[in-house]
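The block underneath contains the structure these notes are about, expressed in structure tokens.
In this text, all values refer to a predicted model and were calculated from it rather than measured experimentally. Naming: A, B, ... by sequence-line order, numbering from 1 per chain.
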Amino acid sequence: MVIHLKKRGQVTIFIILAILLIIIALAIFYFLPKLKSSSDLGTKNPNTYFQSCMENELEDTLVTIGLQGGSLEPEFYKEYQDEKIEFLCYTEDNNKACDILRPFLEEHITNEIKKELEPKAKECYNQVVGIYDKSGYNVIPSSQEGELIVELLPGKVKLSYLKELTLTKKDTQKYSSFSVIANNNLYELANIASNIVVWKSIIGNFDPTSYMALYHDLKIETDNPKFTDGVDIYILTDKKYDTTFQFAVRSWVLDLTYG
Amino acid sequence: MDKMKRSALLLLTLGFVLLASSFVSAVCCEKVKSGDWCQDVVTSDDCVLTGDLRWNAASCDKTAYCSLGTCVNVNSGTCSPNTEMTVCEKEGGQWDQREINEIEMCKNGCCILGEQVAFVTKTECSRFATKYAVDSIFKSDVTTEAACYDLSQPTEVGACVFDEDYTKDCKMISKESCLAQEGQFNRGLLCTAPGLSDCVKTSKTTCKDEKVYFLDSCGNLANIYDSRMFSASNLGWTPEMNDYWTKIQKPKCSVKTNGADSCGNCDYLEGTTCSEYKPGMVRPDYGNKVCKSLACEYQGETYEHGESWCATGSGLNPGINVNPKTGYIEGSERTRLVNNYNQLNLPGTEYMKLQCWDGEVIEYSCDPFRVEVCKQASIGEYDNFSIAQCMVNNWKSCITLTNKESCEDVAIDCKWLPGERFDGTITSDERRENEQGSCVPLIAPGFRFWDSTSNESGSEICAMGLSTMNVLYETHWMERRDNFDKLDLDASDEKSVHQDCLENCFAIPEYADDLGVKKAEALWEGDDIPTLQTEEVSLRKGYYCSKESDPTKEKLGTVTGTNVNCIERAEDQEDNLFGGLLTNVQRRPLPIFYTNSEWLGFLTKRTRSLGDCGYKVGPSGDYSDTRSEILIASFQKLTQDNAIKEEIVETSIIYEADDSKVGLRLLDENYYRSTGEAGTSVLYTPKDTSNTGE
């Protein structure tokens, strides 16, 4: 059966539909932010707020540390492709093995992250307090000074900000720490870098193939073309975690003099 | 009777500039302004002196806080060798003057943490165990990281069946996990074992540990994918196939033999790894996972995963082929390097190694200035796997070798150039073959030749190519003595100046070049050259003998055919007071070279082989200054007793490097022109040289 509507009737239906659509759109525009806001607090716990507050800065810090040989502000470095790359092992003399400048690289990186992000962690903690305070919670932050614990772990970097927070609305929730985790294999790369540095300081040479055969996600490159002053830049990449760590070494530079 | 008068001495020199600098340091900075630690500097102004930082008026070798030792982190158990005391303490470590392997707590071993392993110290191992809340086993007898890695054993899994009302669920897990979940553990069996569970075989596959595995209908891993072990039809199943889905088994296929379409036994070191199937790959018979090849395509060639080779291209020297068993440069490859000193290892060129890894070509530059060179070889059953390595070019050792035998040892990369020795001495005829020559690098090193202030400018080494040759002429007192400018033979007077040459005549431009080495040699042996008068050679072929009383003086020997007789009657000897037959008059050593080309060839080859020396082309196509190879002639007039009668009267460049890029050229013969009269000072002045021809 085929229904034939009159032309005027069709126009009326379309006008009514258009008005309805506009009303619905206005209602969504007006109410959605509130809906979203209230539902956010319902699903997000303070940790989630803390994580979202911290994660960008954590990512940036890890990238910078990786590109600059483990330091945020390298003191003794080689410039390479617009980056200041810290020497982890260096000798001024030719025909001599380098002296190690970062004996505990993992610990150094941990300290660098802590030093950089502790103020941010404090700020994020205060943000969380503010959000819940505005949302009608009875918020009791700890009066103690918070402490940022940084852990380099295989495949991840974990930050834990140790400071208690008590939230009370209908019931009371107590949080002792807030954590952020970044998927990053700085841990493995820093350890491999330390091993390379030991090789360079003892033997003066290093064969990347053996390490790449052992760690299948690892790529080891060197500066190309090489510096003519005997400095080597090592670029380690973890392909699985898309993490890069690069550092500079000057060791066993054979000079061109004779005699 | 010797009535000839020695009139002039011609000095020919191939010269370079030698500059050297030295640096003496006086102070040890704990930290220098550049940021480095423990450096010897000239004054304490270069030291950072903020905080507790110090300096010492002695070298850092003798400064306690700059001593090298082992840095120990007693909390983490980490140890760092070759660390200065000050650096160690700054980083919070405990410094120990002993070597790392002498400190017990610094000895690495294999730390087994469940399925994981780590090659660390015992303290670190304990720290990991605490950190990850797992039990640890420390094996101190494992001394390498690779051996430790081999100890990582995955936990044994089996089919864990969960019997519920009417269903039998199954998981492939460890016995401990299974029992903890109150399941029934079946060691060595798969969940698809007949009657064990509801899980059944499927053609689905997945990646695990870089290999392709079959999946069962419950999502558990079965054995490694082998298309021969699966049939889409119920009728196609054989007992062997059923068994493959019943017991946990080692793979029965290999990608190499069976192909990636049917086998999931990928092997990373053999060049395959598990990957999602994508167009362009080998399509698997079942599932969507495949052992992907890790080979690389490079300039139209396919290289296997792990293969390495030496790069070619602009500014790059082609790789050097070596014997894969010995690593030595042998046979035709050695000849290629010897002969192509003008084409290979030119200034600015380097070596580069390429390696195919994980489907990607990685570039590794060898150390610049050809401190390292890329050597390559083919190995494998069919010599089809290329390996390359940047290796140290040990050119310095060549220059110390003084005989052909040791120089041409295949274990070292040197070459022997017969001719002059670096010390300028001439060996006796019998030692000529082995000792008269220079040992030079087979692979010319590079220098910072553009920076004359650098001690790496190469001036010291290039100067070793310098040669001074004294050419002695002897003329009759009545002969004209001012015709040394005649660099060709003017036969009109039937007496060329060349024919008055007595010693080192090969240094005379074009000397005997038309005659050739063999004929010139034969002449020295006593042969007559029919056209001697028209050749640019000396007629003094009889001067082969030395006087007994003074071997530096010459005496005419009787030449009969090719026989030279040095025995003379005593009464003919001016200085023999007693008369009689002198039987011990010696034949003089043969000249080092017979022709001028031979000498020039030697000089250019030796100079250019020493490194970035002489006249060479760079990667940009530009040549070095033509005066990077020059011959300077100086003239002196001597008395009969070789004393200088008149000082040097003129010094001029008579050769410079050839614009045609093949060697040296002789400047216009009129460049040197006599303006003096016979018997007077010989004065040579250059003519207009703007139009000098080849």
Are [X] and [Y] side-chain neighbours, meaning at least one heavy-atom pair lies under 4.5 Å?
X	Y	result
A:Ile100	B:Glu84	no
B:Tyr132	A:Pro154	yes
A:Asp99	B:Val87	no
B:Asp40	A:Glu92	no

Please step through salt bridge (Lys or Arg N to Asp or Glu O under 4.0 Å) for the pair B:Lys396 and A:Asp255, ending with a clear verdict.
CA-CA 10 Å; B:Lys396 290 180 189 176; A:Asp255 65 26; 2.8 Å; yes

Can you confirm whether [X] is buried at [atom1], in the sense that more than 12 heavy atoms of other residues, nucleotides or ligands lie under 6.0 Å from that atom?
X	atom1	result
A:Lys200	NZ	yes
B:Gln116	CD	no
B:Glu89	CD	yes
A:Lys240	NZ	no
A:Lys84	NZ	no
A:Lys96	NZ	yes
A:Lys120	NZ	yes
A:Glu123	CD	yes

I need the [X] [atom1] to [Y] [atom2] distance, nearest 0.5 Å.
X	Y	atom1	atom2	value
B:Ile362	A:Met212	CD1	CE	4.0 Å
B:Thr83	A:Leu101	OG1	CG	8.5 Å
B:Glu210	A:His216	CD	NE2	5.0 Å

Using heavy-atom distances under 4.5 Å, tell me whether [X] contacts chain B through its side chain, its backbone, both, or neither.
X	value
A:Cys98	backbone
A:Asp93	neither
A:Phe87	neither
A:Asn94	side chain
A:Pro74	neither

Exercise for the section: List the steps and the verdict of side-chain hydrogen bond (donor to acceptor under 3.5 Å, both in side chains) for A:Tyr211 and B:Glu145. Expected result: CA-CA 10 Å; A:Tyr211 262 77; B:Glu145 190 159 11; 3.1 Å; yes

Looking at [X] and [Y], what are the two nearest heavy atoms and their distance?
X	Y	result
B:Thr78	A:Pro103	CG2-O, 4.4 Å
B:Leu269	A:Ala213	CD2-CB, 3.8 Å
B:Gly93	A:Phe104	CA-CE1, 3.6 Å
B:Phe447	A:Leu256	CE2-O, 3.7 Å
B:Trp395	A:Thr257	CH2-O, 4.3 Å

Requested in this report: Could you give me the CA-CA distance, side-chain angles and deciding distance for B:Arg448 and A:Thr228, then say whether side chain to side chain contact (heavy atoms under 4.5 Å, CB included) is met?
Outcome: CA-CA 10 Å; B:Arg448 297 177 197 275; A:Thr228 57; 3.8 Å; yes

Interchain contact, [X] with chain A, by part (heavy-atom threshold 4.5 Å):
X	result
B:Glu91	both
B:Val32	neither
B:Thr400	both
B:Tyr149	side chain
B:Pro81	both
B:Phe128	side chain
B:Gln355	side chain
B:Cys38	neither

Requested in this report: Decide yes or no on salt bridge (Lys or Arg N to Asp or Glu O under 4.0 Å) for A:Lys219 and B:Asp358, but give the supporting numbers first.
Outcome: CA-CA 9 Å; A:Lys219 182 163 85 168; B:Asp358 221 351; over 6 Å; no

field: Stepwise salt bridge (Lys or Arg N to Asp or Glu O under 4.0 Å) test for A:Lys226 and B:Glu350
entry: CA-CA 10 Å; A:Lys226 281 198 168 186; B:Glu350 295 182 352; over 6 Å; no

As an exercise: rank [options] by heavy-atom pairs under 4.5 Å with chain B and give me the winner.
options	answer
A:Val197, A:Ile220, A:Thr91	A:Ile220
A:Val198, A:Thr222, A:Thr209	A:Thr209
A:Gly230, A:Pro208, A:Ala97	A:Pro208

Note to self: Only pairs of heavy atoms separated by less than 4.5 Å count here; which of B:Phe369, B:Trp357, B:Tyr364 has the most with chain A?
What the structure shows: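 Among B:Phe369, B:Trp357, B:Tyr364, the one with the most close pairs to chain A is B:Trp357.
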
- Message: Under a 3.5 Å threshold, yes or no: a donor from one side chain and an acceptor from the other, between B:Ser365 and A:Asn224?
- Response: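 Judged by distance alone, the side chains do pair up.
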
| request: Identify whether the distance between the nearest side-chain nitrogen and carboxylate oxygen of B:Lys131 and A:Glu151 falls below 4.0 Å. | output: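 Looking at A:Glu151 together with B:Lys131, the answer is no, because their closest N to O distance does not fall below 4.0 Å.
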
